[in-house]
Structure formats: structure tokens, C-alpha cells
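From a predicted model like this one, the values you see are computed outputs, not experimental measurements. Below, read A as the first sequence line, B as the second, and so on, with proteins coming before strands; counting in each chain starts at 1.
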There are 2 protein chains.
Amino acid sequence: MTQHDTATKLLDAAEKLFAAQGFAETTLRTITKQAGVNLAAVNYHFGSKEALIQAVFQRYLDPFSEALTRQLNQLGEHEEKVALEWLLGVLVALAVGNSSKEQQKALLFFRLAGLAYTQSQDHLRSFIQERYAPLFKRFLTLLCNALPEVPATELFLRSHFALGSVIFTLQGFGSMQQISEQDFGQPLGLTQVIERLLPFVVAGFRAPYAAS
Amino acid sequence: MTQHDTATKLLDAAEKLFAAQGFAETTLRTITKQAGVNLAAVNYHFGSKEALIQAVFQRYLDPFSEALTRQLNQLGEHEEKVALEWLLGVLVALAVGNSSKEQQKALLFFRLAGLAYTQSQDHLRSFIQERYAPLFKRFLTLLCNALPEVPATELFLRSHFALGSVIFTLQGFGSMQQISEQDFGQPLGLTQVIERLLPFVVAGFRAPYAAS
DNA sequence: AGAGGTTTCAAACGTACGTTTAAAACAAAG
DNA sequence: CTTTGTTTTAAACGTACGTTTGAAACCTCT
């Protein structure tokens with residue numbers, strides 16, 4: 001079932017450790033130890049640590065990007081009259097999944113995404129930018145269809161605001177969970193947070209637009 | 001006017017370099033070189049690199065926290081009937097300032113704040129948590145007063161969503177500015193982005209609350 | 001001017017990193 | 001079994017890091 005070749009073991013170990021500690025803070029020695037392989041394996045299979053980082057992201061983003069493209073393609077001629085809730089719902093469904101195993105994977109990815117934004121991995125940022133920008137633009141066009149009363153430049157900004165809410169919230173999900181539990185005695189699951197996140201973002205997108 | 005003792009020079013250089021490259025990626029050698037002081041100065045004046053990082057944040061957050069506390073104190077008995085817009089306006093005014101020099105400083109700080117959230121600087125996170133959590137709680141109470149129809153647990157979450165939008169947007173402000181300019185030909189100033197950010201966040205806070 | 005405390009300095013220390021190497025182990029094909 | 005190409009291994013390499021050191025330079029008093 002699960003491949004257990006060295007490269008896969010390395011990716012598994014690396015994504016976990018990167019998410020927990022950051023890129024610069026995670027050493028190849030820790031990764032290879034956790035993966036149970038030799039130290040030299042990273043350089044043999046990927047070439048360098050940078051290449052390993054990119055490979056970790058690619059393993060997440062390529063399937064996601066393909067699935068989203070497929071969903072958007074199958075809209076056909078309904079592209080013009082798609083609703084905001086449908087668009088965001090598709091994103092959530094693809095990114096978060098259903099099973100608790102998928103959700104755990106999703107949390108890991110959000111953590112990684114947050115890191116990618118903040119840690120100064122320029123190679124990674126340009127890698128992602130080049131590879132997935134077209135899809136983002138297409139999504140933005142659909143957003144414009146869904147909210148014709150808001151200009152495109154404003155929607156561009158608001159999509160960044162929304163992305164910020166999501167990534168920021170979910171990447172620090174663990175610690176927020178703790179605080180929430182000790183302050184309000186309320187256990188918070190990922191599904192619950194997303195259920196709260198969606199109305200917030202939807203309301204933000206639908207905010208009345210006032211030109212300045 | 002401006003102090004030019006070694007410690008200040010170090011803080012100035014460090015905050016710039018940290019913001020540009022992250023904590024782990026910035027070496028004491030780079031910092032001391034940029035500050036024009038000896039390599040040993042950091043350990044002499046601050047004790048360690050970790051302590052320097054904390055000092056950078058403290059220099060930002062202490063004045064901000066005091067100013068905010070002062071503003072809230074002077075509310076007196078009007079605390080009960082304060083408006084959401086007023087609360088957020090105070091935050092913006094204190095955090096961003098008026099002059100372009102203040103705004104540049106503010107952008108630097110937002111970048112640092114983003115780093116603090118994502119880079120695994122546990123010492124820094126607990127330092128901030130302990131030092132400024134009470135003020136955050138107080139602010140949350142005022143939020144509850146301003147939005148009595150939304151339960152406290154929900155407002156706790158929504159304040160995190162909002163914080164995410166703000167920090168995420170402003171910490172990557174530079175690169176977003178570039179994309180926006182080349183895609184829409186529209187130059188974006190910090191003030192303009194904040195003018196757009198506020199309605200988004202306000203709408204999010206005011207989103208109709210539906211219990212699950 | 002000189003004593004005492006503080007700050008700076010060049011140099012070095014020990015450690016940990018990413019990467020390389022060359023030999024060993026392994027796998028597949030003749 | 002031998003050969004050929006691939007993968008794994010232990011060890012080492014070179015570099016860069018944070019930190020420490022002890023002497024020099026600089027103050028600030030009397």
C-alpha cells in the first residue's frame with residue numbers, strides 16, 4: 001500500500017519536522033534519523049535540502065491543484081453564474097477532506113503554507129508563484145463573476161485577506177486550541193473552526209464596497 | 001536626538017535584518033556588521049541571540065501596549081457602549097501611525113509579528129503570551145460589549161481570524177504590492193490597504209452568528 | 001594624573017551544519 | 001557466477017555559526 005522507498009520516507013519525515021520546527025531549524029540529520037535512512041540519502045535522492053523542501057510542497061500542491069482544476073473545468077458554461085459559497089465550499093472540501101486522517105494531513109499543510117509565506121525561502125516562493133499562479137487567477141475570475149458588484153482589484157485584496165485568516169488561524173491551530181480550551185472550556189475541532197471561519201470570510205467578501 | 005549607543009544600533013540593525021530574512025537565517029555576524037559594532041557586542045549587551053530577539057519585540061510592543069492601555073483606561077464608564085469601529089480605529093491609529101516614517105516602522109513590525117507566529121521561537125511566543133495576554137483579554141471584553149449578539153467564544157475566534165488577515169496581508173505587503181501593480185497597474189499604499197482591510201474585518205465581526 | 005569600572009576589540013573555541021566521497025551492499029541481467 | 005549499474009553506508013570535509021576570552025581602549029571620578 002504505502003510505498004516505503006527511501007524518497008517517500010524522507011518526504012514523510014521532512015514534512016512532519018518542517019511543520020513542527022520550520023525549515024532552517026530542521027537539520028538533515030534529524031530528518032534522516034526520523035526516516036531511518038542514511039544521512040547522505042537526501043543529497044542522493046533530491047540533490048539538496050532546498051530541493052527536498054520544494055518536493056514536500058509539490059507533493060501537496062500538485063494533487064490539490066489538479067483536483068481544483070478538474071472541479072472548475074466541469075463547471076462548463078455555468079462559470080458565469082457560480083455562487084461565492086460554492087467556490088469556497090469547493091476549496092474547503094478539497095483542502096480539508098473528510099476523514100480525520102485527511103484532516104490531520106490538511107493541518108500539516110496549512111502549517112507548511114504559513115511557513116512558506118514567512119520564512120524567507122525565496123526559491124520556494126517563486127517556485128509556488130510560477131507553478132500555481134494561473135490557477136489562482138482563474139479562481140479570481142470566478143470570484144469576480146460571483147460578486148459582480150465588487151471590482152476586481154478589491155477582490156484581489158479580499159482574497160488575500162481571506163487567505164490570511166485561514167492560513168494564520170489553521171497554522172497555529174494547536175496553540176489556539178489550547179487557549180480556547182483553558183479560557184472557555186470548549187474543545188475545538190478543525191471542522192468547527194472551519195464552520196466558524198467560513199461565515200467570517202463570506203461576510204468579508206460581501207462587505208459593501210465604498211470607493212475611496 | 002537618536003541615541004547611538006551600541007545597544008540601540010544593534011536593535012535597529014537586528015529588527016531590519018530579522019524582518020528581511022527571519023531569525024534563524026540572520027547571523028550575529030551580519031547584525032553586528034550592519035550595526036558597525038564588534039561581533040561580541042550582542043552577547044555583551046543582551047546575553048544571547050534569543051535575548052536580542054525578545055528585546056526587539058519588547059521595544060515595539062511595550063510602547064504600543066502602554067498606549068493602548070491608556071486609551072482604554074480613559075474610556076471610563078463608557079466602556080459598556082463602545083463601538084466596534086472605534087475599537088478597531090484605535091488599534092489602527094496606534095499600530096500604524098500617521099507619518100510615512102511611522103508607517104515604515106509599522107510595516108517592519110507586522111513582518112516581525114508574522115515571523116513570531118510562524119517561526120518556531122517558542123521562547124518568543126511564551127514571552128509575548130505572558131506579557132500581553134491580559135491586555136488582549138481586556139480588549140476582547142470590549143469587543144463583547146460592542147457586539148453583544150455574538151457569543152464570547154465566537155468573538156475569540158473572529159479576533160484571531162481578523163488578526164490573521166491583518167498580519168498575513170501586511171507582512172507580505174511588499175510582494176503583494178508588486179503583484180497588484182503588474183496585474184492591475186494600481187499602486188497600493190499602506191493606507192489604502194488598511195482602508196480596504198477595515199471593512200473586510202468589520203463585516204467579518206458582524207457576520208450573522210449561527211450556532212451549530 | 002591615576003585608579004577603577006565599563007565597553008570594545010581581535011582572535012579563538014567548540015559545535016553543528018550541508019555536502020562529498022569512496023567503499024560496501026545490493027539488485028538485475030548475461 | 002560474474003558483471004554492471006544502482007543504492008546505502010560510515011566517515012570525513014569545509015564552512016559557518018553562537019559564544020567566550022583576555023587584553024586593549026575608553027570613561028569617570030578623586
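Not counting sequence neighbours, the partners of Glu85(B) by the salt bridge (Lys or Arg N to Asp or Glu O under 4.0 Å) test are Arg206(B). For Phe200(A), the ring pair (Phe, Tyr, Trp, His ring centres under 6.0 Å) partners at least two apart in sequence or on another chain are Phe161(B). Listed by chain and residue number, nothing satisfies the side chain to side chain contact (heavy atoms under 4.5 Å, CB included) test with Ser126(A) (two or more places apart in sequence, or in another chain). Not counting sequence neighbours, Asn98(B) has no partner by the side-chain hydrogen bond (donor to acceptor under 3.5 Å, both in side chains) test. Remark: Arg59(B) pairs with Asp12(B), Glu15(B) by the salt bridge (Lys or Arg N to Asp or Glu O under 4.0 Å) rule, at least two apart or across chains.
The stretch residues 152-165 of chain B participates, sequence neighbours left out, in these salt bridge (charged side-chain N to carboxylate O under 4.0 Å, His left out) pairs: Arg196(A)-Glu154(B), Glu154(B)-Arg158(B).
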Would you be so kind as to tabulate the donor-acceptor pairs closer than 3.5 Å made by side chains of residues 38-45 of chain A, with sequence neighbours excluded?
{"residue": "Asn38(A)", "atom": "OD1", "partner": "Ala40(A)", "partner atom": "N", "Å": "2.9"}

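The end-to-end axis angle of the helix from dG5(C)-dC26(D) to dG30(C)-dC1(D), rounded to 10 degrees and based on five pairs per end, is 10°.
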**Prompt:** Base, backbone or nothing for each nucleotide of nucleotides 6-22 of chain C, written B, S, -, heavy atoms under 4.0 angstrom, 5' to 3'?
**Reply:** SBBBB-B----BBBBB-
